[in-house]
Amino acid sequence: MKLLRYGEPGAERPGLLDAEGRIRDLRDHVPDIAGPYLSDESLARLRALDPARLPAADGTPRIGACVGAIGKFVCVGLNYADHAAETGKAPPEEPVLFLKATSAVCGPNDAVEIPRGSEKTDWEVELGVVIGRRAKHVTRAEALDCVAGYCVVNDVSERAFQSERGGQWTKGKSADTFGPLGPWLVTRDELPDPQALGLWLDVDGTRRQTGTTARMIFGVPELVSYISAFMTLHPGDVIATGTPPGVGLGQKPPVFLRAGQTMRLGIDGLGEQRQAVIQGE
Ligand code: ZN
C-alpha cells in the first residue's frame, strides 16, 4: 500500500495511490498519515478498503511529506563504506547518529532553498524508515515489526555549516526544506527486504549517486534496534539510513548546488522526488 499526503502545505489530506496511479482520498477513514494511524491495526483497516470506492483527488495536487507530525527525524551518518571513504572518514564501528530539525521537512517536489550565506549545499539520497510501533530496547529480530514502511528521503546538507562552524552536524542538516520526504509511504508488506533497493540521484540530468541498500554497513533491523537503545522510537518518527557515494562533497573537485538547478532522486519501489533549487531568504 502506498500512502501519501496531498494538498497545500500545512493542510495536507491523507490519501492512497491506487493501482492506476490515481490519488484516492482517505479523509473519511483516517485523520492523517501520522503517529497513531501507522499501527499494524490501522494500516490493516486501510488495506481492507476498496480504492475504487474512495473519492479520487481532483487534478494534480501538490504532494506533501508522506508522514505528518513527525516527532523525531533521526539520521545515520557514514552508513555506506564507499561514502565514508569519499568524505575522508573511516567506516564507523558503531552507527553515527544525529538529528535533523523536523522544521526542515517538506514535500518531495517542493523547491529546496539554499540557506542564506550557504556556498556548500549538497544532496544525499537515502532510504527513509517510518516507525509504526513504539520501540525501546528492541532486538534486531523484533525491529522490522516496529516499522510501518519506507520512503525516499533527500538528506539535504550544508557542508560548511556541518563541518566548518564548530559543534556537531545539526547546523548543516536542519535548514528549511532540507528534508523532502516521499512521495509515498510504502508499507513494509510491499518491501519485505529493505536491503535490496537501488538508489539514485541526478542533478540537472547528470547521474551523481548510484547505490544499493545492500551496501549499508548497518542494515535497517540493526539500526532500529541500535537507536532504540538510546531513545524510544515512537510511531511517526523517521530514520534516514545514510547515503551512498556520489555527494557533491565527494566529487573531484567538490561541486555544490546552485539556484536554478534541479535534483531528481529515487529508490526502487518507493517512487521519485524532483526539486527545483532556489535561493532562500
Ligand atoms: Zn545523510
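Since we're looking at a predicted model, the values are computed, not measured.
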Given salt bridge (charged side-chain N to carboxylate O under 4.0 Å, His left out), test Lys2 with Glu190 step by step and report yes or no.
-> CA-CA 9 Å; Lys2 294 182 173 68; Glu190 283 198 23; 3.3 Å; yes
Flag, side chain of [X] to backbone of [Y], donor-acceptor distance under 3.5 Å:
| X | Y | answer |
| --- | --- | --- |
| Gln261 | Val277 | no |
| Glu158 | Pro115 | no |
| Thr187 | Leu185 | no |
| Ser225 | Glu222 | no |
| Thr213 | Ala196 | yes |
| Lys100 | Lys72 | no |

Would the number of heavy atoms belonging to other residues, nucleotides or ligands and lying under 6.0 Å from CD of Glu119 be above 12?
->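 At most 12 heavy atoms, drawn from other residues, nucleotides or ligands, come within 6.0 Å of this atom.
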Glu20 CD: over 12 foreign heavy atoms closer than 6.0 Å =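 More than 12 within 6.0 Å, yes.
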Candidate list Val112, Asp202, Leu257, Val156, test side-chain contact (heavy atoms from CB on, under 4.5 Å), partner Trp123, passing option =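 Testing each of Val112, Asp202, Leu257, Val156 against Trp123, the sole residue satisfying side-chain contact (heavy atoms from CB on, under 4.5 Å) is Leu257.
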Could you check Asp237, Ile227, Val220 and say which one makes a side-chain contact (heavy atoms from CB on, under 4.5 Å) with Val129?
->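 In the set Asp237, Ile227, Val220, the residue that makes a side-chain contact (heavy atoms from CB on, under 4.5 Å) with Val129 is Val220.
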Please say which of Gln273, Arg62, Gln275, Arg274 ends up in a side-chain hydrogen bond (donor to acceptor under 3.5 Å, both in side chains) with Asp110.
->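 The side-chain hydrogen bond (donor to acceptor under 3.5 Å, both in side chains) with Asp110 is passed solely by Arg62 among Gln273, Arg62, Gln275, Arg274.
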Common cluster, Leu78/Met216, ILVMFWY with side-chain heavy-atom separation under 4.5 Å |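 Looking at the clustering, Met216 is in a separate group from Leu78.
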Closest heavy-atom pair and its distance - Leu199, Leu127 =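 Here Leu199 and Leu127 meet closest at CD2-N, 4.0 Å.
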So how far is it from Tyr150 OH to Ile267 CD1, rounded to the nearest 0.5 Å?
->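 With rounding to 0.5 Å, OH (Tyr150) is 11.5 Å from CD1 (Ile267).
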Before accepting this row, confirm whether a basic side-chain N of the pair Arg13/Asp32 lies closer than 4.0 Å to the acidic partner's carboxylate O.
->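 Here Arg13 does not pair with Asp32 in a salt bridge, since their nearest N and O are not under 4.0 Å apart.
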Tell me, with the steps shown, if Gln251 and Arg208 meet side-chain hydrogen bond (donor to acceptor under 3.5 Å, both in side chains).
-> CA-CA 9 Å; Gln251 314 288 317; Arg208 294 294 189 177; 3.0 Å; yes
Is Lys120 close to Phe161 at the side-chain level, that is, under 4.5 Å between some pair of heavy atoms?
->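 Side-chain contact under 4.5 Å: no.
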